[in-house]
There are 2 protein chains.
Amino acid sequence: MVTIRVLVADDQEAAREALRLILNGEPDIDVIATAVDGAEAVHQALLRRPDVVVMDLRMPGMDGIAAIDRLTAAESAPRLLALTTFDLDEYLFGALRAGAAGFLLKDSDPDVLIAAVRELHQGRGLIDPQVTGRLISRFAALSPRPATPELDLLTPREHHVLRLLARGMSNGEIAAACTIEEGTVKTHVNRILTKLGLRTRVHAAIYAYEHGIVTRDAP
Amino acid sequence: MVTIRVLVADDQEAAREALRLILNGEPDIDVIATAVDGAEAVHQALLRRPDVVVMDLRMPGMDGIAAIDRLTAAESAPRLLALTTFDLDEYLFGALRAGAAGFLLKDSDPDVLIAAVRELHQGRGLIDPQVTGRLISRFAALSPRPATPELDLLTPREHHVLRLLARGMSNGEIAAACTIEEGTVKTHVNRILTKLGLRTRVHAAIYAYEHGIVTRDAP
DNA sequence: CGGGTCGTCCACCTTTCGATAGATCCTTGC
DNA sequence: GCAAGGATCTATCGAAAGGTGGACGACCCG
């Protein structure tokens with residue numbers, strides 16, 4: 001049997017010990033270290049190389065989210081399970097954005113916590129059922145609208161020009177990229193604006209972003 | 001006990017009947033209708049007003065995602081549980097973006113399906129544990145980077161101008177909104193570009209989007 | 001074949017934008 | 001007090017963007 005090496009980070013003595021006892025009660029889980037704040041968690045994690053870090057989000061000094069941010073940036077980063085008493089969107093979204101692989105509220109059963117650690121260790125993610133709905137809503141809100149029928153109005157050339165425009169290129173740069181005259185690009189831009197009912201190239205760039213024609217660069 | 005009214009939509013006869021049997025086996029669940037494709041599902045849902053719709057994603061004609069899109073646009077929309085055999089990102093993300101409240105793979109246990117229907121009926125969301133990790137990854141990728149230290153460089157006025165700019169307003173419009181001269185706005189824009197290391201207002205708008213200074217409008 | 005539509009291209013003219021220099025006000029520290 | 005620095009404001013000028021008109025070729029259809 002493979003032993004899962006776990007680091008527990010929580011500023012409250014009682015919670016820290018409770019977590020340690022719960023997890024150490026399992027034969028396949030070994031709490032190899034604990035930390036009382038984010039800074040110590042980062043230090044211990046880099047030193048001891050746990051498989052999974054159970055991280056309280058609300059801690060003095062460097063908080064849990066900042067610590068998660070640091071740890072996921074490291075090489076061979078551990079799997080991060082965010083844990084919190086307070087069910088705030090800011091914690092949920094912040095932790096996931098920072099790179100947490102799991103999110104649990106502290107009122108969960110010990111069994112759920114144990115199962116969560118195992119899930120994470122096997123490469124899967126885990127979201128507390130109480131907050132899954134909100135994650136889904138937020139995800140839907142963040143997702144680009146699919147291409148609308150309006151985009152069919154654009155010719156291939158116009159579509160290409162729109163993508164370059166939305167990356168911040170000037171008419172001159174677009175012209176160079178397409179090997180055509182700048183005056184021609186202006187016409188294309190103009191037709192794009194007309195067809196999509198927009199006023200300036202800034203609107204066109206926004207449109208491209210909101211419709212997923214261009215995507216945010218990978219971090 | 002409240003009875004949960006369920007609509008089952010699946011193009012395959014066998015799957016449809018299996019789902020019906022599983023769900024009708026529960027005393028608090030009543031499958032009130034079935035549908036063989038997306039179009040019929042939409043029609044039946046609007047007619048029979050189920051609490052929960054169990055929707056197969058891969059169906060001929062109007063597929064499940066399109067049907068979900070239609071149904072969530074309706075008033076007093078039912079809760080939508082997306083179900084699929086094929087574990088494709090396109091299905092997962094597409095269904096959630098369209099408005100599904102839950103996503104399950106078809107190899108799940110009957111008990112899981114039943115529990116999912118109850119969860120959805122109680123207003124919660126549900127994601128198959130097998131795909132939770134991917135949803136989290138995608139969510140993190142979509143989430144705007146938190147405000148970078150660079151933003152501290154911007155004065156309140158400049159920050160405000162940036163937000164208006166990123167909504168497509170011209171210098172003149174920004175001037176009117178702030179009750180200052182257009183020439184002044186130009187200076188603010190110029191300082192924004194300088195401080196953030198950008199070249200044109202289009203870059204500034206892109207920057208604002210990528211850093212979550214402005215958010216996509218609600219659909 | 002001839003006419004219509006569409007995509008692509010270019011040139012001219014006006015408006016808007018971007019860069020620069022300088023003025024005023026307010027805070028901060030010596 | 002007053003000097004230094006920053007924030008906010010204004011004005012001017014060359015550069016870029018946007019609006020309009022029109023040319024050319026490809027294609028479809030009667």
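Order of the sequence lines fixes the chain letters, A, B, ..., with proteins taken first and strands second; residue numbering starts at 1 for each chain. The basis for the numbers below is simple: all heavy atoms, side chains too, and nothing from hydrogens, waters or symmetry mates. Note that the structure is a prediction, hence the values are computed from the model and not measured.
- Distance alone, capped at 3.5 Å, places no donor-acceptor pair between the E17(B) side chain and the A14(B) backbone.
- Bounding nucleotides for the chain B contact on DNA chain D, 5' to 3', at a heavy-atom distance below 4.0 Å, are dA7(D) to dA11(D).
- For residues 36-65 of chain A, every residue pair satisfying the salt bridge (charged side-chain N to carboxylate O under 4.0 Å, His left out) rule, not counting sequence neighbours, is listed here: D56(A)-K106(A).
- Using a cutoff of 4.0 Å between basic side-chain nitrogens and carboxylate oxygens, K186(A) and E181(A) are not scored as salt-bridged.
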Polar atoms only, N or O, under 3.5 Å: list the protein pairs with nucleotides 7-10 of chain C and their distances.
{"unit_1": "dT8(C)", "atom_1": "OP2", "unit_2": "T155(A)", "atom_2": "OG1", "d": "2.5"}
{"unit_1": "dC9(C)", "atom_1": "OP1", "unit_2": "R157(A)", "atom_2": "NH2", "d": "3.1"}
{"unit_1": "dC9(C)", "atom_1": "OP2", "unit_2": "R157(A)", "atom_2": "NE", "d": "3.1"}
{"unit_1": "dC9(C)", "atom_1": "OP2", "unit_2": "H188(A)", "atom_2": "NE2", "d": "3.3"}
{"unit_1": "dC10(C)", "atom_1": "OP2", "unit_2": "E181(A)", "atom_2": "N", "d": "2.8"}
{"unit_1": "dC10(C)", "atom_1": "OP2", "unit_2": "T184(A)", "atom_2": "OG1", "d": "2.7"}
{"unit_1": "dC10(C)", "atom_1": "N4", "unit_2": "T187(A)", "atom_2": "OG1", "d": "2.4"}

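- Salt-bridge check for D10(B) with R20(B): failed, with every basic side-chain N at 4.0 Å or more from each acidic carboxylate O.
- Within the 4.0 angstrom heavy-atom criterion, base atoms lie near N190(A).
- Counting to the nearest Å, the P atom of dC17(C) and the CG atom of N171(A) are 14 Å from each other.
- For an aromatic pair to be called close, the ring centres must be under 6.0 Å apart, and H203(A) with Y207(A) fails this.
- Here the side chains of L104(A) and V112(A) are in contact, with some heavy-atom distance below 4.5 Å.
- Between Y91(A) and F103(A), the ring centre distance reaches or exceeds 6.0 Å.
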Inset, instruction - Quick one: do R79(A) and E119(A) satisfy salt bridge (charged side-chain N to carboxylate O under 4.0 Å, His left out)? Show the steps, please. - result: CA-CA 10 Å; R79(A) 303 282 292 169; E119(A) 286 284 307; over 6 Å; no
